[in-house]
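Okay, here's the structure, questions in a sec.
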2 protein chains.
Amino acid sequence: MSGTTLDDYTDRYAQRVHGMAQSEIRALFSVASRPEVVSLAGGNPYTAALPLGDVGEMFAEMLATDGAKALLYGPGQGDVALREAICMVMADSGIDLSSGASPDDVVVTVGAQQALDLLTRVFCDPGDVVIAEGPTYVGALGVFQAAQCQVVHVPVDDEGLIPEALEETLAVLAKAGKRPKFLYTVPTYQNPTGVTLTEARRERVLDICEAADLLVVEDDPYGALGFEGQPPRPLRARRRSGIFYVGTFSKTFAAGLRVGWVLAPPAVRDKIVLATEAAILCPSALAQGAVVRYLTAMPWREQVKTFRELYASRRDALLSALTDYMPAGMRWTKPGGGLFVWAELPEGLDSKAMLPRALQQRVAYVPGTGFYADGSGRGQMRLNFSFPPADRIREGVRRLADVISEQSALSQTFEGAAPRTDDA
Amino acid sequence: MSGTTLDDYTDRYAQRVHGMAQSEIRALFSVASRPEVVSLAGGNPYTAALPLGDVGEMFAEMLATDGAKALLYGPGQGDVALREAICMVMADSGIDLSSGASPDDVVVTVGAQQALDLLTRVFCDPGDVVIAEGPTYVGALGVFQAAQCQVVHVPVDDEGLIPEALEETLAVLAKAGKRPKFLYTVPTYQNPTGVTLTEARRERVLDICEAADLLVVEDDPYGALGFEGQPPRPLRARRRSGIFYVGTFSKTFAAGLRVGWVLAPPAVRDKIVLATEAAILCPSALAQGAVVRYLTAMPWREQVKTFRELYASRRDALLSALTDYMPAGMRWTKPGGGLFVWAELPEGLDSKAMLPRALQQRVAYVPGTGFYADGSGRGQMRLNFSFPPADRIREGVRRLADVISEQSALSQTFEGAAPRTDDA
C-alpha cells in the first residue's frame, strides 16, 4: 500500500471488472452538454413540460402530511400503494388481472435499469448467453457486460425484431449446446431505432420463444408515448408466464426520481426482492410517495398526452429536417413514438470516426457502435428528438448534414482506402 | 412454460441465487410493525424530529426554481455540487483535503447499502474471503452472500474489533493460502453492538491491515451520532490509501431519500462508476438536490444535534430499563452513540427460539443470528433505541424481561436438555 502507482488495485479486482467499459453515450456527455452544441445525443425526457410548481406543491403537501414516513426506510419490494398504482398503469396497456398481474408480483426498482440488473443477477452466471435486438439499449448492454454474459444479437427491420432471424439464432445456439437465459427486447418504439414490433410479429416471436422454452424480458419504457394511437399490446398482455415485464416512470413522470418496476411471478419475485435488498436495501420512500400522488391526485394522463404531442412535433421537425438537408444515401427510421430516430450513413462513412468533426461543428449524436456488443454499428447513429426544441433540432440536422456531405465527398475521393471495420 | 408448477424457474437461476436468504430482520418486519407491539427490532431513525414543513418547503422551492433539472437523469458518479458538500461533511470528521479527499473521488450511491454492493462487485469473485466483525451489519452480510463470498468473522469486545483476533485470523487464512479481499468494519457506534473501536486500537488495526496488505472498507453511518462528544477520528482520516470510506445521509437527514456515498481513489472510483451505471444508471437528481439544499440552506448541524440529544435520552431510557427489569445473568453494551444496544441472554437461552413468545407478549427484537454468517448469535439480541419513544422503550423492556425470566425458569427446570446449537 505504500509504493503508490497509478493503480495499486489492478490485481485485486473481481473478474467482472475486466468486462466493464464506459458506454459511448456517457463518455460523450461532457462535450455534448456545452450550450453551443445541439445535442441529438441525449435520451432525456423534456421535464420542463411538467407543471413544476404543482409538482413542488405536491412534495410540500406530502412532507407536511406524511413526511415522517416518506423519509424512512420501507419494504424492499416497494410500497404497496405504489405497487397497486403500477397495476393500474399496466392495465392501461392491457396487462391486468386477467393476465395475472397483481401488486404482489410487482417489485419497485431504481428505474428500469435496476430491474434489468436484478433480473440479470437472478438468472445469469458468467458466460451465459443473452439474446438481444441488434441494435439494443446501451444500458442493457452495460448490465450484461457487468454480469459477464455473452450477448447474441438478432437484427431488426422496420417491423421490429425479425422472427426468422431469431429462429435461426436459436438453432445455431442449440447446435452449439448453448441454452440462452432470456431474450431481452424493447418491442415498442425501441431504443435506439424507434421501431415497433408489429402485431403479427408479436405472436410469432412469442410462439418461437415458447417453443424454445426461452424466457423473455420485455422492457417497455416508451409504450405510453405513441404518436398515432395505441401501439400493439405488450408481450406480457398476451402470455401469463415466461415473460418479465419492466416498466418505468422516467418517461411518463420524471427520470430524476429513479422509479421503475418489474412484474414477475411469485417465485422469481422473491429472488428479485432478495437481490434488491442486497443491492440497495429498499427503494426511496419519498420518490415512491411522489409517484403515488402523481398517479392519484394529478392529471397524469393529460400530462402524458402533453409529452406525446410535444415529442410528436419534435419527431416531425427531425424527420422533415432530415428530408430537407441530408445527402443522398442517408436513410432513417420513422418512429411512431418514443424518443429516437436511427439513421444509416451513406456507404463508407463511419459514425464513430466522424464524431469529433461533428462536435467541432457543434452537433452531437451517438455512434451506432454503442448499441451493439460486437462492434457493429459504425454505419449508424442514434438521434434524439425529445429534448431539444424543434428549431434546435432543425439547426442540428443542418450542421450534421454538412458534416456528412463533407465526409461523403472525402470518402468518394479516397474510395476504398478505408473500409469500415465492422464490414470485414 | 405451459406445465405450471410452484416454481417453473428453479433450473434457470444463477448460482448466486442459491446463497441468498431472507434476512431475519426483514422477515420480522410485518409482525413487529403491528401497533400493539413495542418494536425494539427496527433500525429506523426518528424522522418525525425533522422540521417536516420546512423540508417540504425546501422541495417546493427546489422544484419551482430548478425542477426541470431535478427531474432529469444526471451523471452516474453523482452531481458535483453534492460531491462537494459531501467533502464538507467528511471534513467535519477529519477526512479532508490533507487526507486526499476530493469531490472527484466521491461516488454518490443509493444509500450506503449500494456503496457496499458496488465495492463488493468491484473486488469480489465467488469464493473470495471477506473479513468482518462478528457480529456485523446484516445488510453487509446480504451483499457478501449475494456475491458468493466467504465471510470470516473477527470478534469484538467493548473496545471494538479485537486486534489480536484479527492478526490470528489473518495468520490462519494465510496458512490456508487464502488472501482476503478486504476487512469490512463499522468502527464507530457499530451496528449491531453499539461499541466503538478505541483510539489506540484504530492505529493497531490499521498497522495490522497495512502489514498484511489488506484493504479496508470503513462503513460510518453513525459517526455523527455521538452522545458524549466526538468519537475517535475515522480510519480514513488516518491513512490516505487502502481504505474505502462509506457514508450516508440516512441518519443525519433522511433514510427515505436513499443517498449515500463512497470515497475511493481515482482508479477504483472509475470502476465503481461503471458498476453503478450498470446497476442504476444514475442516482436520483431530486434526492441529491434535496441533500445539497439541506446541507447548504438548512441548519443541518443543529438538526443532527437534535437527533443526538433525542437518541441519547432514549439510550438512557433503554439502559435504565434494562438495569431495572432484567434478570441476573443478562448483560448488555453501553453505546456512546448510534442506534443500538447489543444484549447477551442468560446462559442457556436462545434468542431465536424465544422470539415467538416475545411477539406474543408484544415486544420485538432481532435475534443475534442475523448478524453472523456462521450461525452464531443465538445467545444475543439487538435492541434499537432510536425509533420508539422513551416510555415505549421502558414498557418494551419490561415485557421482554418477563419473557426472559420465564424462559430462564423453564431452562433451569430442564437444564442441559436443549443445548444452544452454536455452542457445539
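Keep in mind that the numbers below use all heavy atoms, side chains included, and drop hydrogens, waters and symmetry copies.
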Practice task
For B/R179, enumerate each residue passing the salt bridge (charged side-chain N to carboxylate O under 4.0 Å, His left out) test, keeping only those at least two apart in sequence or located in another chain.
Solution key: A/D11, B/D213
Problem - Electrostatic pair B/R121:A/D117 at N-O distance under 4.0 angstrom - result: yes
Practice task
Mark yes or no for whether B/D125, through its side chain, and A/Q15, through its backbone, hold a donor-acceptor pair below 3.5 Å.
Solution key: yes
Fill in the blank from the handout: Closest non-hydrogen atoms of B/I280 and A/Q113, given as atom of the first, atom of the second and distance, are C-CG, 3.6 Å
Exercise for the section: Could you tell me which non-hydrogen atom of B/K181 sits nearest to which non-hydrogen atom of A/Y13, and how far apart they are? Expected result: NZ-O, 3.9 Å
Practice task
Would you mind telling me which of B/L72, B/L63, B/N44, B/L116 has the largest number of heavy-atom pairs within less than 4.5 Å of chain A?
Solution key: B/L72
Handout entry: Which portion of A/P283 sits near chain B, non-hydrogen atoms under 4.5 angstrom
Key = backbone
Practice task
Considering only heavy atoms and a distance below 4.5 Å, find which of B/A279, B/P265, B/G111, B/A254 pairs most often with chain A.
Solution key: B/A279
Exercise for the section: Determine whether B/R258 and A/L281 make a side-chain contact, defined as any pair of heavy atoms from C-beta on separated by less than 4.5 Å. Expected result: yes
Practice task
Pick whichever of B/V143, B/V110, B/V122 has the most heavy-atom pairs under 4.5 Å with chain A.
Solution key: B/V122
Handout entry: Pairs of heavy atoms under 4.5 Å with chain A: top-ranked of B/G142, B/C124, B/A146
Key = B/C124
Pairs of donor and acceptor atoms involving the side chains of residues 48-60 of chain B, under 3.5 Å and at least two apart or interchain, shall be tabulated with distances.
none

Completion exercise
Nearest heavy-atom contact between B/Y73 and A/S250 is OH-CB, 3.5 Å
Practice task
For residues A/F244 and B/Y9, establish whether the separation of their ring centroids is below 6.0 Å.
Solution key: yes
Practice task
Pick one of side chain, backbone, both or neither for A/T120, based on which atoms fall under 4.5 Å of a heavy atom in chain B.
Solution key: backbone
Exercise for the section: To the nearest 0.5 Å, tell me how far A/K271 NZ sits from B/R16 CZ. Expected result: 13.5 Å
Practice task
Please confirm whether the backbone N or O of B/G256 pairs with a side-chain atom of A/S284, one donor and one acceptor, at under 3.5 Å?
Solution key: yes
Fill in the blank from the handout: Interatomic distance, CG@B/L274 vs CD@A/Q145, rounded to 0.5 Å, equals 10.0 Å
Exercise for the section: Could you have a look at A/A112, A/A147, A/A68, A/A285 and say which one has the most heavy-atom pairs with chain B under 4.5 angstrom? Expected result: A/A68
Exercise for the section: Using non-hydrogen atoms and a 4.5 Å limit, figure out which bit of A/F387 sits close to chain B: side chain, backbone, both or neither. Expected result: side chain
Handout entry: chain B interface, residue from A/M20, A/Q288, A/E61 that has the most non-hydrogen pairs under 4.5 Å
Key = A/M20
Practice task
Measure the shortest side-chain to side-chain distance between A/F123 and B/V17 over non-hydrogen atoms and say whether it is less than 4.5 angstrom.
Solution key: no
Exercise for the section: Side chain from CB out, backbone as N, CA, C, O: work out which of these in B/F182 comes under 4.5 Å of a heavy atom of chain A, or both, or neither. Expected result: neither
Handout entry: Spacing of B/R12 atom CZ and A/L214 atom CG [to the nearest 0.5 Å]
Key = 8.0 Å
